[in-house]
Novice: 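Have a look at this one.
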Amino acid sequence: RGYCSRRLRRLRKTLNFKMGNRHKFTGKKVTEEILSDNRYLLLILMDAERAWSYAMQLKQEANTEPRKRFHLLSRLRKAVKHAEELERLCESNRVDAKTKLEAQAYMAYLTGMLRFEHQEWKAAMEAFNKCKTIYEKLANAFTEEQAVLYNQRVEEISPNIRYCAYNIGDQSAMNELMQMRLRSGGTEGLLAEKLEALITQTRAKQAATMSEVEWRGRTVPVKIDKVRIFLLGLADNEAAIVQAENEETKERLFESLLSECRDAIQAVREDLKPDQKQREHSLEGDSGKVSNIQYLHSYLTYIKLSTAIKRNESMAKSLQKALLQQQRSEEDGKRTARPQDLIRLYDIILQNLVELTQLPGLEEDKNFQKEIGLKTLVYKAYRCFFIAQSYVLVKKWSEALVLYERVLKYAGEVQSGAGAFTNSLKELPDVQDLITQVNAEKYSLQAAAILDANDNHETESPSQVKDGKPLSERFETFCLDPSLVSKQVSLVHFPPGFQPIPCKPLFFDLALNHVAFPPLEDKVEQKAKSGLTGYIKGIFGFKS
């Protein structure tokens with residue numbers, strides 16, 4: 001909207017097409033006579049685009065302020081009015097055929113948007129069909145580069161047509177809308193919110209007839225509308241995940257399903273709090289059986305954890321494919337998949353399985369506990385396998401071999417205990433394929449370990465192993481020392497070590513004790529002895 005306003009100002013200034021001056025407004029209209037420059041058509045187009053963008057802005061604000069919907073419809077009517085004027089001007093002989101068709105398609109699109117907001121489904125569908133037909137003809141008439149833009153417009157209009165057809169009464173259009181939503185990864189723009197609301201509304205109508213659900217031999221009444229809607233859409237969401245064409249779409253659908261499940265669990269949890277208080281104050285002797293609302297909460301939690309396990313398993317399969325492709329052709333500069341990533345995913349799966357065994361109401365269900373135990377063994381086997389793969393990468397052969405044996409142990413336990421649970425284990429990764437792969441990896445591991453031992457033996461031969469001596473001390477021994485051509489070559493010990501050397505001799509003067517020195521008394525001056533006077537002076541400090 002701001003861009004269109006600035007563009008209008010620049011165009012009017014460039015074309016000198018001003019609406020009066022500062023003090024007085026003088027309206028001007030673009031007529032066929034002044035269509036000497038194609039920028040005059042841009043004036044009308046920018047007016048229509050500005051009105052349409054303002055309507056889209058008001059549509060976002062109308063979610064919290066419903067009164068703005070009236071202003072939205074007013075802006076859409078203004079956009080249609082400008083589009084009609086643009087179509088009328090394009091009928092001039094000065095305009096080529098391509099521009100005329102584009103103006104007609106633009107007019108039909110804005111008209112359809114206005115009728116769509118007024119919920120006039122038949123008129124909206126006719127306008128959208130007209131717009132779609134024009135764009136398809138334009139796409140066939142021009143080159144492939146130009147046809148891409150027209151085909152993109154056709155894809156944007158098709159969901160609106162299907163939505164109008166559904167509201168008119170075509171029930172098959174709903175399935176087509178769901179397929180479009182699935183292929184495109186979710187609709188965008190004006191239709192997105194309406195389609196989500198339509199799906200919720202359809203499920204809500206079906207939920208009115210749903211009163212109970214059965215799980216593991218127990219029937220539980222469902223009184224919460226949000227839970228009914230979620231349970232009705234569960235099968236459709238799971239089918240959409242199976243039909244997803246790529247991993248990105250599948251991941252988005254998993255996240256959407258988990259989000260809806262969390263909302264349903266929260267709704268049940270709010271009703272569960274007063275039920276728990278009531279059970280604490282009741283004096284029922286049947287304390288081992290959980291209430292219906294608690295059992296429903298366990299069922300929804302089971303759905304959430306099972307969906308999380310399926311999502312992580314799907315991510316693990318895509319990582320395994322990336323790991324195989326990496327082994328076949330390694331590419332530099334890209335972050336490659338590692339076995340550690342798969343280990344993390346299987347850790348999360350095992351944690352989810354632990355939570356499944358702790359669901360209230362299923363502690364005494366022996367079949368359920370055994371089924372979860374078998375699934376745990378399957379995922380533990382795969383986790384051990386990829387831990388062994390990570391050890392192989394760092395050449396820890398013995399640890400990897402022990403883990404491979406552990407994988408075979410887990411797989412054997414699964415095969416021996418899977419008699420009555422074959423159907424529930426079909427969705428899990430095949431254990432037999434894992435056993436075959438582990439046996440092949442064991443032979444490869446043993447061969448790699450032998451080769452690595454031979455390489456180590458060769459590197460540890462006397463002709464290649466350094467004993468730490470510098471070159472100056474092993475001139476007579478041949479040794480392959482790669483460090484001699486490196487920057488840290490060892491030629492001599494530096495600083496050199498200390499060595500013993502003879503000390504400096506000590507001289508002792510023994511003759512001095514036997515030498516007689518001549519007397520010196522006659523050469524020493526004798527002081528004269530003073531009397532009492534001198535003694536007294538000496539006491540008081542007087543000197544002579």
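Just so you know, residue 1 is the first one in the sequence shown, and it goes up from there. Bear in mind the structure is a predicted one, so any value in this text is a computation, not a measurement.
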Novice: If you measure from CG on Leu319 to CG on Asn312, what distance do you get to the nearest 0.5 Å?
Specialist: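 The CG atom of Asn312 is 10.5 Å from CG of Leu319, to the nearest 0.5 Å.
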Novice: Taking only residues two or more places apart in sequence, or in another chain, which ones meet Gln437 in a side-chain hydrogen bond (donor to acceptor under 3.5 Å, both in side chains)?
Specialist: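 Counting only residues at least two positions away or on another chain, Gln437 forms no side-chain hydrogen bond (donor to acceptor under 3.5 Å, both in side chains).
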Novice: Going through the distances and angles, do Val30 and Phe17 end up as a side-chain contact (heavy atoms from CB on, under 4.5 Å)?
Specialist: CA-CA 9 Å; Val30 179; Phe17 195 77; 4.0 Å; yes
Novice: To check you understand the geometry: which heavy-atom pair defines the closest contact between Leu359 and Ser298, and what is its length?
Specialist: CD1-O, 3.8 Å
Novice: Going by heavy atoms in the side chains, are Arg216 and Leu362 under 4.5 Å from each other?
Specialist: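 Answer yes - side chains close enough.
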Novice: Do you know which two heavy atoms are closest between Leu72 and Leu58, and how far apart they sit?
Specialist: N-CD1, 3.7 Å
Novice: Which pairs, with at least one residue in residues 213-250 and sequence neighbours excluded, count as a ring-ring contact (aromatic ring centres under 6.0 Å, His included)?
Specialist: Trp215-Tyr295, Trp215-Tyr299, Trp215-Tyr302
Novice: Mind listing the closest non-hydrogen atom pair of Val268 and His297 along with its distance?
Specialist: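 In this case the closest contact between Val268 and His297 is CG1-CB, 3.8 Å.
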Novice: Check this for me: Lys28, atom NZ, are more than 12 non-hydrogen atoms of other residues, nucleotides or ligands nearer than 6.0 Å?
Specialist: yes
Novice: Could you tell me which residues satisfy salt bridge (Lys or Arg N to Asp or Glu O under 4.0 Å) with Lys223, sequence neighbours excluded, listed by chain and number?
Specialist: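 Checked Lys223 against salt bridge (Lys or Arg N to Asp or Glu O under 4.0 Å); zero matches.
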Novice: Could you give the side-chain donor-acceptor pairs of residues 39-51 under 3.5 Å, partners two or more places apart or in another chain?
Specialist:
| from | atom 1 | to | atom 2 | distance (Å) |
| --- | --- | --- | --- | --- |
| Arg39 | NE | Asp37 | OD2 | 3.0 |
| Arg39 | NH2 | Asp37 | OD2 | 2.7 |
| Asp47 | OD1 | Arg50 | NH2 | 3.4 |
| Glu49 | OE2 | Tyr106 | OH | 2.5 |

Novice: Check for a donor-acceptor pair, side chain of Ser74 on one end and backbone N or O of Phe70 on the other, with a separation under 3.5 Å.
Specialist: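 Side chain of Ser74 to backbone of Phe70: no pair is present.
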Novice: Over all heavy atoms of both residues, which pair between Glu214 and Gly217 is shortest? Give the atoms and the distance, please.
Specialist: OE2-CA, 4.2 Å
Novice: Yes or no on side-chain contact (heavy atoms from CB on, under 4.5 Å) for Leu350 and Lys380, after CA distance, side-chain angles and deciding distance?
Specialist: CA-CA 8 Å; Leu350 290 173; Lys380 277 186 176 181; 3.9 Å; yes
Novice: Going from OG1 on Thr376 to CG on Asn352, what distance comes out if it is rounded to the nearest 0.5 angstrom?
Specialist: 10.5 Å
Novice: As an exercise, state the distance from CD1 of Ile349 to CZ of Arg311, rounded to the nearest 0.5 Å.
Specialist: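 One gets 10.0 Å once the value is rounded to the nearest 0.5 Å.
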Novice: What are the two closest non-hydrogen atoms of Ala316 and Leu342, and how far apart are they?
Specialist: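 Minimum heavy-atom contact is O-CD2, 3.3 Å.
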Novice: Can you check side-chain contact (heavy atoms from CB on, under 4.5 Å) on Val95 and Asn38, steps first, answer last?
Specialist: CA-CA 9 Å; Val95 180; Asn38 58 5; over 6 Å; no
Novice: If I take atom OG1 from residue Thr307 and atom CG from residue Leu257, how far apart are they, to the nearest 0.5 angstrom?
Specialist: 4.5 Å
Novice: Measure the SG-CD distance between Cys261 and Gln266 for me, rounded to the nearest 0.5 Å.
Specialist: 12.0 Å
Novice: For the side chain of Glu363 and the backbone of Gly361, is there at least one donor-acceptor N/O pair under 3.5 Å apart?
Specialist: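 Present.
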Novice: Heavy-atom distance under 4.5 Å between the side chains of Gln389 and Leu393, does that happen here?
Specialist: no
Novice: Is there a donor-acceptor contact under 3.5 Å from the side chain of Ser259 to the main chain of Glu255?
Specialist: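 No, the answer is negative, given that no donor and acceptor are paired below the 3.5 Å cut-off.
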Novice: A side-chain contact here means heavy atoms from C-beta on lying under 4.5 Å apart; do Arg1 and Met56 qualify?
Specialist: no
Novice: Are Leu296 and Val213 close enough that some pair of their side-chain heavy atoms sits under 4.5 Å apart?
Specialist: yes
Novice: Please examine the side chains of Leu356 and Leu353, heavy atoms only from C-beta on, and report whether any two atoms are closer than 4.5 Å.
Specialist: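 Leu353 vs Leu356: side chains touch.
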Novice: Check whether any side-chain N or O of Thr357 sits under 3.5 Å from a backbone N or O of Val354 as a donor-acceptor pair, and report yes or no.
Specialist: yes
Novice: Do Arg77 and Leu73 have side chains that approach each other closer than 4.5 Å (heavy atoms only, starting at C-beta)?
Specialist: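 Of all side-chain heavy-atom pairs linking Leu73 with Arg77, at least one is under 4.5 Å.
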Novice: Answer yes or no for Lys310 and Phe254: cation-pi contact, defined as NZ/CZ to six-membered ring centre under 6.0 Å and angle to ring axis within 45°.
Specialist: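 No, Lys310 does not lie over the aromatic ring of Phe254.
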Novice: Tell me whether the count of non-hydrogen atoms from other residues, nucleotides or ligands lying under 6.0 Å of CZ in Arg12 goes above 12.
Specialist: yes
Novice: Under the side-chain hydrogen bond (donor to acceptor under 3.5 Å, both in side chains) rule, what pairs show up with a residue in residues 79-105, not counting sequence neighbours?
Specialist: Asp96-Thr99, Glu102-Tyr150
Novice: If you look only at distance, which donor and acceptor atoms sit under 3.5 Å apart when one is on a side chain in residues 124-142 and the other is two or more places apart or in another chain?
Specialist:
| from | atom 1 | to | atom 2 | distance (Å) |
| --- | --- | --- | --- | --- |
| Asn129 | ND2 | Met125 | O | 3.1 |
| Thr133 | OG1 | Asn129 | O | 2.8 |
| Asn140 | ND2 | Glu136 | O | 3.2 |

Novice: Roughly how far, to the nearest 0.5 Å, is the NZ atom of Lys317 from the CD atom of Glu247?
Specialist: 9.5 Å
Novice: Apply side-chain contact (heavy atoms from CB on, under 4.5 Å) to the pair Leu89 and Glu32, showing each step before the final yes or no.
Specialist: CA-CA 6 Å; Leu89 289 173; Glu32 295 183 11; 4.3 Å; yes
Novice: Can you tell me if Glu145 and Thr143 form a side-chain donor-acceptor pair at under 3.5 Å?
Specialist: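 The criterion, which ignores hydrogens and geometry beyond distance, is not satisfied for Thr143 and Glu145.
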